[in-house]
Amino acid sequence: MLRDDDSLRRRDVLKVAGAGTVGIAGLAGCSGGSGDGGGESGSDDASTGSDTEEYPPLGNFPIDGDTATFGFNVPQSGPYASEGQDELRAYELAVKHLNNGGGWVDSQFDDLSGDGVLDFTIDYVDGDTATDADTARQSASRMIQRDGAMMVSGGSSSAAAIAVQGLCQNENVMFMACLAHSNDTTGKDCVRYGFKEQFNAYMTGQALAPVVRDEYGTDLDFYQLYADYSWGQTQQSSMERFMTDVAGWSQIDSVATPLGTTDFSNYLSGAASENPDVLILNHYGLDGANSIQQAVDAGLDEDMEIMIPLYNRPMAQAAGGAIEDVFGTVVWTAQIDNAPSNEFTRTFQNEYDRIPSGAAQLAYAQTLQYAAAVERAGTFYPVEVIKQLEGYEYNNIGMGKELMRACDHQAQRDVPVVRGLPESDQSEGTYYEVVTVTSRDDVGYACDAGPSAECDLGSYE
């Protein structure tokens, strides 16, 4: 839904009007409320009164009219386009369920009614990040300035997610990250207005290291290729740390590759010339499918083990039999057997005649998490919504008990470790087997350690 020039002028006036208002929120710590099912919030000071009477203008608050707009900013082109398409399907499904009921709105989120959010009908706009940080920022800016988006969600590229959450912090608009695996998203680039459900590269290293140590042994040499941007850089450093400290391996070298590389032959030849025991391919999306396929085509799998630290279903599907016996982690898979997972798989499949990916599960969950926080707050006023999410514990999206930490806005959650199946055993939606689901008690870090040690969330207003 596009807004006219009068709406743009109204937003500017509201921002000026609210500039001198004293903030109402204080800093939150690392712990918060607890709950089961839909969960309970660590904040209990939410107002249920009239938004315009109780709170000052901030960002795109208050809402003009009876429709609240969400902005879904995903890669519809570029190397992560397949992931973006599945995200957008799930976002559209979430909006449908928020307005009309269905799925988790009926079964897992007690705070949601299926009749809009706080009596507002939910609408959405979408944009193409093109898997590029500058393009993502420009697209999100249009959603905020032109469309009056109350919340922006998206990702796939951590660089895009980091750029957009920085913009949202400046604009006082909430950002619910979808795919954003870089340590920096909730580390040195964390913001008060951003929240992240997906585990990060640091946790991937923690989950993978003991599994591959037990599978392959210790005293091995490894070589890394990594995508040369925020995610790949933090993924590379995390793998180096945990493969060295936990698995007992030694790194020969690590080499950066540009995002969007289609021909990895020179990089793979360089790796082969070093004769490593293990080759780690820190690539994702189409890049990941291309690099693993080309490595297998070159026969590297006959001389060394290969790992892909972060998998997803579109990537595995594109790579086919090349992923056989290749270890990695996934954010979620339809193979996880519990009530929320099974219901999401069934609902998504009924809607789109396809099995959802982990990207879809993230997109759907983050949209409903935001909407439920608004309902608990009794207002779209972003400060109160943020406080409802900080320290929030939940167990309703198929990944067991989770905590959205207040200190860095990083979900503390389980991490599934998977291994690629032979092509003969693959089928739609099933391309790898779940080896183990590493408990959140065995991954993560304190608020003053790991990536969180560099996090300064900034102000509420």
Side-chain angles (χ1 to χ4, degrees), residues 37-39 68-76 80 82-114 116-117 122-126 149-156 161 174-181 195-199 312-314 330-375 389 392 394-400 402 404 411 413-414 416 429:
T69 301
F70 295 170
F72 301 137
N73 204 27
V74 302
Q76 300 181 49
Y80 297 168
S82 292
E83 288 75 14
Q85 291 165 5
D86 227 27
E87 290 175 70
L88 193 54
R89 293 183 186 101
Y91 284 132
E92 292 171 344
L93 187 62
V95 170
K96 177 180 178 179
H97 289 167
L98 287 173
N99 288 326
N100 304 305
W104 287 350
V105 170
D106 293 345
S107 65
Q108 300 298 327
F109 281 76
D110 295 339
D111 300 309
L112 299 175
S113 65
V117 178
I122 303 303
D123 196 3
Y124 74 93
V125 292
D126 66 82
M150 298 302 297
M151 179 272 284
V152 177
S153 186
S156 289
M174 300 272 298
F175 178 70
M176 304 296 285
C178 191
L179 288 172
H181 190 240
F195 289 86
K196 184 160 78 76
E197 165 66 25
Q198 184 180 17
F199 58 84
N312 67 21
R313 196 208 65 202
V330 294
V331 67
W332 174 86
T333 170
Q335 297 169 65
I336 293 175
D337 184 14
N338 56 47
S341 285
N342 294 339
E343 180 165 17
F344 176 64
T345 299
R346 181 174 61 253
T347 304
F348 190 95
Q349 193 168 19
N350 288 342
E351 185 76 14
Y352 297 113
D353 194 27
R354 59 188 292 130
I355 295 175
S357 66
Q361 186 264 358
L362 278 177
Y364 186 79
Q366 288 291 77
T367 305
L368 298 193
Q369 290 284 23
Y370 169 77
V374 171
E375 288 282 1
L389 288 168
Y392 182 65
Y394 49 102
N395 184 14
N396 58 346
I397 67 170
M399 288 308 303
E402 301 190 47
M404 182 59 70
R413 45 156 295 171
D414 296 350

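For the numbers below, each heavy atom of this structure counts, side chains included, while hydrogens, waters and symmetry mates do not.
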May I ask you to decide if D337's main-chain N or O and S341's side chain share a donor-acceptor pair within less than 3.5 Å?
no
Looking only at heavy atoms, the pair that brings I336 and N342 closest together is O-OD1, 3.7 Å
Evaluate the criterion side-chain contact (heavy atoms from CB on, under 4.5 Å) for residue pair V374 and M150; output intermediate values, then yes/no.
CA-CA 11 Å; V374 171; M150 298 302 297; over 6 Å; no
With a 4.5 Å heavy-atom cut-off, do L389 and M176 have their side chains touching?
yes
Between the CD atom in E83 and the CG atom in L179, the distance rounded to the nearest 0.5 Å is 7.0 Å
Which atoms form the tightest heavy-atom contact between V105 and G114, and what is the distance?
CG1-N, 3.5 Å
Are E92 and Y352 close enough that some pair of their side-chain heavy atoms sits under 4.5 Å apart?
yes
Find the distance between CG (L368) and CG (L112) and round it off to the nearest 0.5 Å.
6.0 Å
Might you work through the side-chain contact (heavy atoms from CB on, under 4.5 Å) test for Q369 and I397, ending with a clear yes or no?
CA-CA 9 Å; Q369 290 284 23; I397 67 170; 4.0 Å; yes
Flag side-chain contact, heavy atom, 4.5 Å: Y364 against L93:
yes
Return the minimal non-hydrogen interatomic distance between Y394 and A411, and the atom names on each side.
OH-CB, 3.6 Å
Non-hydrogen atoms of C178 and A363 that approach each other most closely
SG-N, 3.6 Å
How long is the straight-line distance from CD of Q349 back to CZ of R354, given to the nearest 0.5 Å?
10.5 Å
Taking the side chain as every heavy atom from C-beta outward, state whether P356 and Q361 have any pair of such atoms under 4.5 Å apart.
no
Within this structure, what is the CD-CG distance for the pair E87 and N73, rounded to the nearest 0.5 Å?
10.0 Å
Judged by modelled atom types alone, do S153 and Q366 share a side-chain donor-acceptor pair under 3.5 Å?
no
Min side-chain heavy-atom separation E402-E197 under 4.5 Å
yes
State the OH-CE distance between Y392 and M404, to the nearest 0.5 angstrom.
10.5 Å
Quick check: closest heavy atoms across M399 and V331, and the distance to 0.1 Å?
SD-O, 4.0 Å
Quick one: closest heavy-atom pair of A90 and A360, and the distance?
CB-O, 3.1 Å
Look up atom CZ in F109 and atom CG in N396, then write down how far apart they are to the nearest 0.5 Å.
4.0 Å
Partners passing ring-ring contact (aromatic ring centres under 6.0 Å, His included) against F195 (at least two apart in sequence or in another chain)
H409
Could you check whether any side-chain heavy atom of Y124 comes within less than 4.5 Å of a side-chain heavy atom of T367, counting everything from C-beta outward?
no
I'd like to know if the side chain of D126 reaches the main chain of F72, judged simply by a donor and an acceptor atom lying under 3.5 Å from each other, with no hydrogens or angles considered.
no
Side chains of Y91 and F70: closer than 4.5 Å at any heavy-atom pair?
no
Do the non-hydrogen side-chain atoms of F348 and D86 ever get within less than 4.5 Å of each other?
yes
Flag, side chain of N338 to backbone of G398, donor-acceptor distance under 3.5 Å
yes
